[in-house]
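Positions are given from 1, in the same order as the sequence printed here. Note that the coordinates shown come from a computational prediction; the quantities given were computed from them, not determined experimentally.
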Amino acid sequence: MTNDLNLYSSLMQVMAERYSCRDYDTLRAPGRDLIDAVLDAARIAPSACNRQPWRFMVVEGEHARSIISRAYDRAWIATAPAFIIALGDHSAAWHRPCDGKDHTDVDVSIAVEHICLAAASLGLGTCWVCNFDPKVIAEAFSLEPSLEPVAIIPIGYPAADAKVPAKSRKQLDEIVIKGDD
């Protein structure tokens with residue numbers, strides 16, 4: 001790896017510009033090649049002990065949209081042309097030996113953020129959706145009992161008039177605790 005400030009600047013720009021898109025272009029869907037590209041970013045995400053306790057299901061179309069809308073009752077979600085459902089496999093996850101902590105949610109979250117950043121770099125919008133009924137998803141898509149729906153990621157091109165919400169972020173000195181002073 002090289003120490004490349006241009007690469008860092010590009011990455012920081014993607015991270016700063018990425019936002020939770022809640023208004024998609026309903027006439028333009030990303031091709032499967034772009035969706036596969038963002039899924040490949042999830043594939044290379046790190047996980048505890050490299051267990052990779054995740055699966056990703058891509059769903060599109062009116063039937064899938066109606067299921068997603070039942071699980072998450074917000075009108076805006078129906079504007080997305082496609083959805084990636086992030087699934088955690090607790091049986092495959094690493095568990096911390098001292099207390100048994102299951103790292104499924106941590107590992108899936110890392111992979112989901114890889115998806116969101118990759119999508120943003122390709123001009124696609126995404127939004128983490130965690131406030132949904134996982135039972136609706138599990139039953140409607142006949143998921144194996146070991147797979148837990150962790151997040152729904154609507155994905156598509158943002159609408160031309162999509163509103164980018166203002167971001168408020170804490171300053172670095174508000175989030176960093178100095179441990180060696």
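Interatomic distance, SG of Cys127 versus CZ of Arg74, reported as 11.0 Å (0.5 Å rounding). Here the CD1 atom belonging to Ile137 is positioned 4.5 Å from the CD1 atom belonging to Ile85, to the nearest 0.5 angstrom. Here Ile152 contributes atom CD1 and Ile77 contributes atom CD1; the two are 5.5 Å apart, rounded to the nearest 0.5 Å. Separating the CD1 atom in Ile110 from the CD atom in Gln52 is a distance of 11.5 Å, to the nearest 0.5 Å. In this structure, the separation between CZ on Arg70 and OG on Ser66 is 6.0 Å, given to the nearest 0.5 Å. In this structure, CG on Leu147 lies 14.0 Å from CH2 on Trp54, to the nearest 0.5 angstrom.
Transitive grouping of hydrophobic side chains (ILVMFWY, heavy atoms separated by less than 4.5 Å) brings Leu124 and Val112 into a common cluster. Hydrophobic cluster membership is shared by Trp76 and Val59, with clusters built from Ile, Leu, Val, Met, Phe, Trp and Tyr side chains linked at under 4.5 angstrom. Taking hydrophobic clusters as Ile, Leu, Val, Met, Phe, Trp and Tyr residues chained together by side-chain heavy-atom distances below 4.5 Å, Val58 shares a cluster with Ile115. Linking Ile, Leu, Val, Met, Phe, Trp and Tyr residues whenever their side-chain heavy atoms come within less than 4.5 Å leaves Tyr157 and Leu27 in two separate clusters. Put simply, Leu122 and Leu39 are part of the same group of oily side chains (I, L, V, M, F, W, Y) that touch within less than 4.5 Å, one to the next.
Minimum interatomic distance between Glu60 and Ala82 (heavy atoms only, all atoms of both residues): CG-CB, 3.6 Å. Between Pro53 and Val108, the shortest heavy-atom contact is O-CG2, 3.9 Å. Closest non-hydrogen pair, Ala42 versus Ala111, comes out as CB-O, 3.8 Å. Considering every non-hydrogen atom in both Leu87 and Pro149, the closest pair reads CD2-CA, 3.7 Å. Nearest heavy atoms, Ser121 versus Ala118: OG-O, 2.7 Å. When all heavy atoms are compared, the tightest approach of Ala48 to His103 is CB-CB, 4.2 Å.
Side-chain contact check for Cys21 versus Pro154: every heavy-atom pair is 4.5 Å or farther apart. Proximity of Phe83 to Ile153: side-chain heavy atoms (C-beta onward) are nowhere separated by under 4.5 Å. No side-chain heavy atom of Val150 sits under 4.5 Å from any side-chain heavy atom of Trp128. Using a 4.5 Å heavy-atom cutoff, the side chains of Pro158 and Tyr24 are not in contact. Annotation: side chain of Leu117 is in contact with side chain of Met15 (closest heavy-atom distance under 4.5 Å). Within the 4.5 Å cutoff, no side-chain heavy atoms of Leu11 are placed close to those of Leu7. Inter-residue side-chain proximity for Ser20 and Pro165 is flagged as unmet; no heavy-atom pair is nearer than 4.5 Å.
Annotation for Gln171: atom CD does not count as buried by contact number, only 12 or fewer foreign heavy atoms lying within 6.0 Å. The 12-atom threshold is exceeded at CG of Asp173, counting heavy atoms of other residues, nucleotides or ligands nearer than 6.0 Å. Other residues, nucleotides and ligands contribute at most 12 non-hydrogen atoms within 6.0 Å of the CE atom of Met12. The local environment of NZ in Lys167 is crowded, with over 12 non-hydrogen atoms from other residues, nucleotides or ligands closer than 6.0 Å.
Residues in residues 6-35 take part in these salt bridge (Lys or Arg N to Asp or Glu O under 4.0 Å) pairs, two or more places apart or across chains: Arg32-Asp36. Sorted pairs that involve residues 119-137 and meet salt bridge (Lys or Arg N to Asp or Glu O under 4.0 Å), not counting sequence neighbours, are lacking altogether. Judged as a salt bridge (Lys or Arg N to Asp or Glu O under 4.0 Å), not a single pair has a partner in residues 145-164 (not counting sequence neighbours). Residue pairs meeting the salt bridge (Lys or Arg N to Asp or Glu O under 4.0 Å) criterion with at least one partner in residues 78-103, sequence neighbours excluded, are Arg96-Asp99.
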Let me see the working for Tyr19 and Cys116 under side-chain contact (heavy atoms from CB on, under 4.5 Å), right down to the final yes or no. CA-CA 9 Å; Tyr19 68 97; Cys116 292; over 6 Å; no
Going through the distances and angles, do Val38 and Leu34 end up as a side-chain contact (heavy atoms from CB on, under 4.5 Å)? CA-CA 6 Å; Val38 301; Leu34 291 180; 6.0 Å; no
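Each of Arg51, His95, His90 was compared with Thr104 under the side chain to side chain donor-acceptor pair (under 3.5 Å) criterion, and only His90 meets it.
In this view, Phe132 satisfies the ring pair (Phe, Tyr, Trp, His ring centres under 6.0 Å) rule with no residue, not counting sequence neighbours. Looking at residues two or more places apart in sequence or on another chain, you find a side-chain hydrogen bond (donor to acceptor under 3.5 Å, both in side chains) between Asp40 and Arg43.
Judged purely by atom type and a 3.5 angstrom limit, Glu139 has no side-chain atom pairing as donor or acceptor with the backbone of Val136.
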